[in-house]
Amino acid sequence: MPSGPSTAARTPFVLLVVVLLGGGLISLLLLNTSLNEGSFKLSELRKKTTELTDQEQALQRDVDGRSAPDALERRARELGMVPGGGPAFLGPDGTVRGVPKRATADPSAVRRPAPPPASATPAPTVTPPPASGAPAPPPASGAQKPPTAQPPVSGAPTPPPTTPGR
């Protein structure tokens, strides 16, 4: 093996090649790692998208089931509503078209509210005013006064009166 100036000239070239190969391998390793990380994120996002799509479809089925005509009718009857009567329509000139009919309740379909629970305090009793011109007796100390209508606040606008037929 010669040990002279030719060996000394090859050393920087060999070091350069080794550094370039090492740098290339490290950059390939980093590139591969980042691609794998992106692949994992992508698979997690796809899984999450699938879950959310399934949830959306379940909610849509629930909405569709609750908005079906028979479900709406059943729920309305549970709330005590009754089918409306014949409709009447108002024309632009104020004429009534059709004959309005009152809604009738089927007694078996109407839900009765539950009676209030018995409480320890007795409910206040209201006595009707006497038929004669005599003044009403003062209320008992436990009885409440009936509510009275409050006059409108000054400065508050009052709505204009309406006229029939318009």
Side-chain angles (χ1 to χ4, degrees), residues 12-126 142-166:
F13 177 72
V14 170
L15 283 176
L16 178 66
V17 170
V18 168
V19 167
L20 287 177
L21 286 175
L25 285 173
I26 289 174
S27 25
L28 281 175
L29 181 64
L30 291 175
L31 180 64
N32 191 17
T33 304
S34 66
L35 286 176
N36 283 338
E37 183 180 337
S39 174
F40 282 125
K41 283 184 181 178
L42 183 62
S43 66
E44 287 176 11
L45 290 175
R46 283 186 179 158
K47 184 178 179 182
K48 182 76 171 172
T49 302
T50 303
E51 290 172 2
L52 290 175
T53 302
D54 292 344
Q55 183 181 5
E56 179 190 15
Q57 289 174 353
L59 290 172
Q60 187 62 44
R61 281 192 305 268
D62 189 36
V63 166
D64 291 343
R66 290 178 187 248
S67 63
D70 58 338
L72 287 175
E73 180 184 9
R74 181 178 32 81
R75 182 72 178 131
R77 287 197 186 273
E78 287 174 1
L79 293 174
M81 297 179 174
V82 295
F89 300 97
L90 293 176
D93 58 350
T95 58
V96 178
R97 298 176 190 246
V99 178
K101 294 181 183 153
R102 183 173 218 120
T104 57
D106 180 13
S108 65
V110 177
R111 180 180 69 159
R112 302 282 182 226
S119 62
T121 59
T125 58
V126 178
Q144 298 176 349
K145 290 184 180 180
T148 58
Q150 298 290 329
V153 178
S154 62
T158 57
T162 57
T163 56
R166 286 186 124 202

### Query
How about E51: does its CD atom have over 12 heavy atoms from other parts shown lying under 6.0 Å from it?
yes
### Query
From L25 CG over to L29 CG, what is the distance, rounded to the nearest 0.5 angstrom?
8.5 Å
### Message
What's the separation between atom CG in L15 and atom CG in L20, rounded to the nearest 0.5 Å?
### Response
11.0 Å
#### Entry: Spacing of L30 atom CG and L35 atom CG [to the nearest 0.5 Å]
11.0 Å
#### Entry: N-O pairing of D70 and R74 below 4.0 Å
no
### Message
Please report the interatomic distance CG(L31) to CD1(I26), rounded to the nearest 0.5 Å.
### Response
13.5 Å
### Message
For the CG atom of L52 and the CG atom of L45, what is their distance to the nearest 0.5 Å?
### Response
10.5 Å
### Side-chain touch P87/R97, heavy atoms, less than 4.5 angstrom
no
### Option among D64, D62, V63 that satisfies the side-chain contact (heavy atoms from CB on, under 4.5 Å) test with R66
D62
### Query
What distance separates D54 CG from L59 CG, expressed to the nearest 0.5 Å?
11.0 Å
### Query
Taking it one step at a time, do V96 and L90 satisfy side chain to side chain contact (heavy atoms under 4.5 Å, CB included)?
CA-CA 5 Å; V96 178; L90 293 176; 3.6 Å; yes
### Task
Kindly give the heavy-atom pair with the smallest separation between A88 and G98, and that separation in Å.
CB-O, 4.1 Å
### Task
May I ask you to say whether K41 pairs ionically with E44, meaning some side-chain N is under 4.0 Å from a carboxylate O?
no
